[in-house]
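Here's the structure we're looking at; comments come further down.
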Amino acid sequence: MRDFLYSEISQIEGVPNIPDDPDLAIKAGTKLCEELLEPLNATFGRIGIRSACRAVAVNEIGAANGNQYNCSTNQASYANHIWDRLDANGHMGAMATIVIPWFIDRYDPRTDWRRLAWWIHDHLPYSDMCFFPNLAAFNLGWHEERQRRIYSCVAPKGLLTKVGYTNQNADHAEWYPGFPTLIHP
C-alpha cells in the first residue's frame, strides 16, 4: 500500500495522500493486485508503480486547469485513480500507472506498444488501459464493470479497442511472439 500511496503531486504540493475511506481503497486495491498486478509481476518480474491511489484533494490539484500534472477530474477519477470513491453508477474500481521493466528492455521506437496491450487483453481481466510515451508506462485499471478498453497517447494514437469492436474477440497471438506464458501466483 505504501507504493500505491506515494504521490509526486502530494510531495511537491504538501497535501497528504490519505484515502477518506481506507476500507474501500484497500478492497479495490486488493482486486487490482490479485487480478492484474500480481499476475504481471509473477509473469514478467518486478513491475514499477508510477502512480496509483490518489486522495480526492491530491487528484483535485492534479486536475486543476493550467496544472502540469495532467490528471482527470475528480468525478472521472472515481473508481479509477481515486480508489475510495464509487463511480457514478455505484461501482468500485482501482487504477495504477505502471511500467514493466521486462517490456522496457525490449521497447524502442521500432517496438509497438500494442504487443503488450494485446497480451494483457488476451490474458487478464482488465477494464481500461492507456499507454503513454515515457518509459512505456501505462494506466491499468480493474473495475467491477469491465470496459475492456485500450487507448494510447503513443503512435498509433487513439482507441485500439473497446466492447463492440470487431477486434475485441479476435486472435491477437501474432502480436506478442516471445512473450512469457502467464503465471498465476
Side-chain angles (χ1 to χ4, degrees), residues 4 24-25 27-41 43-44 47-54 56 58-60 62-63 69-100 102-104 107 111-176 179-180 182 184:
F4 294 136
L24 180 57
K27 187 175 178 182
T30 297
K31 291 298 223 176
L32 174 68
C33 287
E34 290 176 350
E35 296 191 21
L36 301 175
L37 301 182
E38 289 173 7
L40 286 174
N41 195 60
T43 302
F44 291 100
I47 62 173
I49 307 295
R50 298 209 32 157
S51 176
C53 183
R54 294 188 197 130
V56 170
V58 171
N59 196 79
E60 193 169 274
Y69 301 121
N70 296 321
C71 297
S72 295
T73 66
N74 281 354
Q75 187 69 28
S77 295
Y78 291 163
N80 188 300
H81 274 297
I82 299 176
W83 297 6
D84 67 333
R85 294 284 196 283
L86 301 177
D87 68 14
N89 296 317
H91 296 111
M92 176 178 65
M95 179 172 281
T97 307
I98 66 171
V99 294
I100 299 176
W102 181 93
F103 187 67
I104 292 172
Y107 188 81
T111 304
D112 197 317
W113 60 268
R114 293 176 292 182
R115 295 180 65 207
L116 181 58
W118 284 127
W119 188 93
I120 292 170
H121 178 84
D122 289 349
H123 293 89
L124 296 173
Y126 76 98
S127 180
D128 288 285
M129 281 187 271
C130 181
F131 286 79
F132 303 112
N134 295 332
L135 299 174
F138 63 103
N139 282 344
L140 181 62
W142 173 89
H143 195 275
E144 287 181 303
E145 291 280 316
R146 290 191 302 157
Q147 299 298 309
R148 305 225 0 118
R149 179 178 42 227
I150 304 172
Y151 186 83
S152 181
C153 300
V154 182
K157 294 180 180 182
L159 189 62
L160 175 63
T161 193
K162 67 177 185 176
V163 172
Y165 274 36
T166 56
N167 65 1
Q168 185 75 193
N169 296 315
D171 179 8
H172 308 105
E174 75 274 5
W175 280 94
Y176 47 85
F179 273 53
L182 176 65
H184 288 285

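Not a single salt bridge (charged side-chain N to carboxylate O under 4.0 Å, His left out) links R148 to another residue, sequence neighbours left out. Qualifying side chain to side chain contact (heavy atoms under 4.5 Å, CB included) partners for L182, counting only residues two or more places apart in sequence or in other chains: P39, T43, W119, H123, L124, H184. For T161, the side chain to side chain contact (heavy atoms under 4.5 Å, CB included) partners at least two apart in sequence or on another chain are W118, H121, Y126, I150, Y165, N167, Q168. In this structure, the side-chain hydrogen bond (donor to acceptor under 3.5 Å, both in side chains) partners of W142, at least two apart in sequence or on a different chain, are E35. Taking R85 as the reference, D20 meet the salt bridge (charged side-chain N to carboxylate O under 4.0 Å, His left out) condition, with sequence neighbours excluded. Residues meeting the salt bridge (charged side-chain N to carboxylate O under 4.0 Å, His left out) test with R115, sequence neighbours left out: none. Applying the ring pair (Phe, Tyr, Trp, His ring centres under 6.0 Å) criterion to F131, with sequence neighbours excluded, gives W113, F138. Partners of T97 by side chain to side chain contact (heavy atoms under 4.5 Å, CB included), not counting sequence neighbours, listed by chain and number: R50, S51, H81, F132, A137, N139. Listed by chain and number, the residues in a side chain to side chain contact (heavy atoms under 4.5 Å, CB included) with D171 are A173 (sequence neighbours excluded). Scored by the side-chain hydrogen bond (donor to acceptor under 3.5 Å, both in side chains) test, Y176 finds D122 as partners (sequence neighbours excluded). Residues satisfying the side-chain hydrogen bond (donor to acceptor under 3.5 Å, both in side chains) criterion with R149, sequence neighbours excluded, are D128.
To the nearest 0.5 Å, atom CG of residue L116 and atom CZ of residue F44 are 6.0 Å apart. Of the inter-residue distances, the one linking T73 atom OG1 with N80 atom CG reads 9.5 Å to the nearest 0.5 angstrom. The CZ atom of R54 lies 6.0 Å from the OG atom of S77; values are rounded to the nearest 0.5 Å. Rounding to the nearest 0.5 Å places CD1 of I98 at 5.0 Å from CG of L140. Taken from CD in E38 to SG in C33, the straight-line distance is 5.5 Å, to the nearest 0.5 Å. Taking CG of L37 as the reference point, atom CG of L32 lies at 4.0 Å (rounded to 0.5 Å).
Of all non-hydrogen atoms in A25 and W83, the two that sit nearest each other are O-CE3, 3.4 Å. Nearest heavy atom pair, residue P125 against residue R146, reads CA-NH1, 3.0 Å. Across all their heavy atoms, S72 and A63 have their closest contact at O-CB, 3.2 Å.
Side chain of E145 to main chain of H143: no donor-acceptor pair is present (N/O by atom type, distance under 3.5 Å, no hydrogens or angles). Within the 3.5 Å criterion, the main-chain N or O of E60 finds a donor-acceptor partner in the side chain of N74. Without hydrogens or angle criteria, N89 side chain to H91 main chain gives no donor-acceptor distance under 3.5 Å.
At a threshold of 4.5 Å between non-hydrogen side-chain atoms, the residues S152 and R114 do not count as touching.
Evaluation of the salt bridge (charged side-chain N to carboxylate O under 4.0 Å, His left out) test over residues 160-170, restricted to residues two or more places apart or in two chains, returns none.
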Using side chain to side chain contact (heavy atoms under 4.5 Å, CB included), reason through I120 and L40 one step at a time and then give a plain yes or no. CA-CA 9 Å; I120 292 170; L40 286 174; 4.2 Å; yes
